[in-house]
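It should be emphasised that the depicted structure is a prediction, and the values quoted were computed from it without experimental measurement.
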Amino acid sequence: MKSEIIGILKEAIERAVEKGLLPGADYPEPGLEEPKIEQHGDFATNWAMACAKAARMAPAKIARIVQDSVEDKQGVIEKIEVAGPGFLNFFVRPQAWNSVLSAVLEKGADFGRSNLGAGQKVQVEFVSANPTGPLHVGHGRGAAVGDSLANVLAATGHAVQREYYINDSGRQIRTLGLSVYLRARELGGSKVDFPQDGYQGDYIRDLAKEALDKQPGLLDMEEDKALAFCARFAADSILAGIRKDLEDFGVTYDCWFSEQSLYDSGAVEGSLAFFKEKGQIYQKDDAFWFATEKYNDEKDRVVVRANGLTTYFASDIAYHKNKFDRGFERIIDIWGADHHGYVNRICAAVQALGREKNSFTALLVTLVNLLRGGKPLAMSTRSGEFVTLKEVVDEVGKDAARFIFLTRHHESPLDFDLELAKEKSNDNPVFYVQYVHARICSIEKKAAQEGLIITGPPEKALLTEAEEVRLLKSLARYPQVLESAACLLEPHRITFHLLELAALFHAYYNKHRVVGEDKDLSYARLALVLAVRQVIKNGLGILCVSSPESM
């Protein structure tokens, strides 16, 4: 409908110019917005104000000229009003919205999908938690955002790859190995001085027991070999648990990429040589620096220390170069909010590769405030006092967890109430939406018992009640919401739309009878609610949340 109104508006402008009512000029493309107040129409444009300078006319006069030049051959417009300093408000005939049903019912699971991305190769890298401990609830939010965003991009015509970057090299893995080794020695009866920066928690002791079972002679090995074994064993074991937790959360990856492989293959050394040759890396004070400041980073960054050891930034440079070398046209990294200071240096490395700045995007996900009984639950991997993603999913279920993680913009704080997530009430957002799907399934079954079965869109435009038109408008908006979510990289827009659609359905169902004595009206209303069910199912599918037929 929006495209149709824009087409009518463009034709009216062209007609006004041809007739000499508007001077020929380089006018901006007209756009439409949906007013927040229904009394202001279904669509509105400020085009008259935007082109007043070019036309050398008052906006209100331009708006009236365009208004008088409109030819609505299809009869979709009920009226057009000139408002304020020059707004044009379009009111669509209620019957015109009935055409939305044809699109939803005919396209079914494909309704909302588009070729917006035109096959652009996009990589979404998300979670990528260090294999030093189980995933916590904060990782869960990042997983929900990343996986749902990948679904949004795929649904809008992008060629998407999901990737997990395994940080299996460096100090943290060595610290993990030391922590497990020391706990193993404790289990063997030795008294140890456990370091403050060691990883604690019951999972470290459990790993130590498993390491002793797997390698009975562990405590008799040379310490360097024992530490290496513990580090490798613990990281592999934790990573296997991470994989399982993510699969149970509905997340699967196309690639698990090892940081260590960058060193083993010589990619880190090769990328440093590449940038040295390009003059992007220089030597100062016995260290090597990457010239990131000239790409708007706050200062240049060390990539090789004076002692010859590379920094984390060195491997990150190699990793992002590798991504582009694999043919990705756009890279999206999803990080925790504590990585905000890292964004500019990666942007600098990407630009130093000769790539456009917008070919790399980092989304920063704010941590979750997990509540139980109104009290926050602490989350600290080092101390071991944290709630794992597995515990949350086991308690409230995958559907509730994924949906609630996406009820806020990823940069906004999120309070996750465990008790609310388990409630079977309208206060629970996922229940509120899923219940619409289940209720409509029940309506369809009852209608079938009375011999009413939908075989196609209704022939008559009978849906003119205010609640029906609001539902139709919300259905029509879904493809636009999906494209906006893709363009802005904001999958929570799908969640917001589903909650809006659910609210409109509940209001409609409480006021109007779907199947009644009037057969034609009953057919139209049944088609309407089945279209609502389809969009609910499509949206929940994007979020990887189930659509139950009964609840």
Side-chain angles (χ1 to χ4, degrees), residues 1-6 31-34 42-43 97 99-124 126 143-162 250-251 329-330 332 334 361 363 399 402-410 429-430 432-434 436-437 470-505 528 530-547:
M1 185 63 69
K2 187 174 183 179
S3 298
E4 194 163 347
I5 299 297
I6 286 180
L32 289 180
E33 293 184 354
E34 294 184 46
D42 297 296
F43 299 102
W97 290 104
S99 62
V100 174
L101 293 181
S102 299
V104 179
L105 296 176
E106 288 172 7
K107 292 184 179 180
D110 288 331
F111 180 73
R113 291 179 173 269
S114 70
N115 193 36
L116 175 73
Q120 182 187 44
K121 293 187 67 176
V122 181
Q123 187 208 65
V124 183
F126 57 104
V145 170
D147 193 48
S148 298
L149 177 59
N151 289 336
V152 165
L153 293 170
T156 50
H158 299 79
V160 184
Q161 188 224 44
R162 295 166 170 81
V251 178
E329 300 168 77
R330 188 174 187 188
I332 301 169
I334 297 176
T361 305
L363 301 185
D399 286 350
R402 287 190 65 128
F403 195 95
I404 292 173
F405 281 140
L406 291 166
T407 53
R408 294 287 184 276
H409 187 284
H410 54 264
V430 68
Y432 188 65
V433 173
Q434 287 180 319
V436 172
H437 189 276
R470 290 182 191 122
L471 275 173
L472 290 166
K473 289 171 66 175
S474 185
L475 295 176
R477 201 180 299 122
Y478 176 68
Q480 178 187 340
V481 170
L482 194 52
E483 289 197 351
S484 295
C487 291
L488 299 172
L489 307 181
E490 294 179 347
H492 73 278
R493 288 174 175 264
I494 306 299
T495 313
F496 282 18
H497 187 71
L498 294 179
L499 287 167
E500 174 202 274
L501 184 57
L504 292 172
F505 171 79
L528 171 62
L530 292 186
V532 170
R533 182 182 67 178
Q534 185 67 64
V535 171
I536 291 285
K537 185 173 184 178
N538 291 0
L540 288 176
I542 293 290
L543 306 178
C544 197
V545 173
S546 68
S547 301

Output the distance between atom NE2 (His492) and atom NE2 (His410), rounded to the nearest 0.5 Å.
-> 8.0 Å
Under a 4.5 Å cut-off applied to non-hydrogen side-chain atoms, are Val532 and Leu504 in contact?
-> no
Do NZ/NE/NH1/NH2 and the carboxylate oxygens of Glu500 and Arg477 come within less than 4.0 Å?
-> yes
Please say whether more than 12 non-hydrogen atoms of neighbouring residues, nucleotides or ligands are located less than 6.0 Å from CD in Glu33.
-> no
How far apart are the C-alpha atoms of Tyr478 and Val104, what are their side-chain angles, what is the distance that settles it, and do they pass the side chain to side chain contact (heavy atoms under 4.5 Å, CB included) test?
-> CA-CA 10 Å; Tyr478 176 68; Val104 179; over 6 Å; no
Donor-acceptor pair, side chain of Ser474 and main chain of Arg470, under 3.5 angstrom = no
Please assess Ser547 against Arg533 for the test side chain to side chain contact (heavy atoms under 4.5 Å, CB included), listing each intermediate value before the final yes or no.
-> CA-CA 9 Å; Ser547 301; Arg533 182 182 67 178; over 6 Å; no
Spell out, as yes or no, whether a donor-acceptor pair under 3.5 Å connects the side chain of Gln120 to the backbone of His158.
-> no
Look at the side chain of Glu483 and the backbone N and O of Thr156, then say whether any donor-acceptor pair between them is shorter than 3.5 Å.
-> no
Contact check, side chains of Ile542 and Pro491, non-hydrogen atoms, under 4.5 Å | no
When you look at NZ of Lys537, are more than 12 heavy atoms from neighbouring residues, nucleotides or ligands closer to it than 6.0 Å?
-> no
Ile5 side chain near Asp42 side chain, heavy-atom distance below 4.5 Å = no
Counting N and O atoms only, with roles assigned by atom type, does the side chain of Asn538 sit under 3.5 Å from a partner on the main chain of Asp110, one being a donor and the other an acceptor?
-> no
Would you say Phe403 and Thr495 make side-chain contact, with heavy atoms under 4.5 Å?
-> yes
Check: Thr361 and Arg330 side chains under 4.5 Å, non-hydrogen atoms = yes
Is there side-chain contact between Cys487 and Leu116, with at least one heavy-atom pair below 4.5 Å?
-> yes
Can Ile332 and Leu153 be said to form a side chain to side chain contact (heavy atoms under 4.5 Å, CB included), step by step?
-> CA-CA 11 Å; Ile332 301 169; Leu153 293 170; 3.8 Å; yes
Listed partners of Ala485 passing side chain to side chain contact (heavy atoms under 4.5 Å, CB included), at least two apart = Val152, Arg493, Ile494
So OG of Ser102 and NZ of Lys107: to nearest 0.5 Å the spacing works out to 11.0 Å
Between Asp147 and Arg162, is any pair of side-chain heavy atoms under 4.5 Å apart?
-> yes
Ile536 versus Phe505: any side-chain heavy-atom pair under 4.5 Å?
-> no
Would you sort out whether Leu543 and Arg402 count as a side chain to side chain contact (heavy atoms under 4.5 Å, CB included), showing the intermediate values?
-> CA-CA 7 Å; Leu543 306 178; Arg402 287 190 65 128; 5.6 Å; no
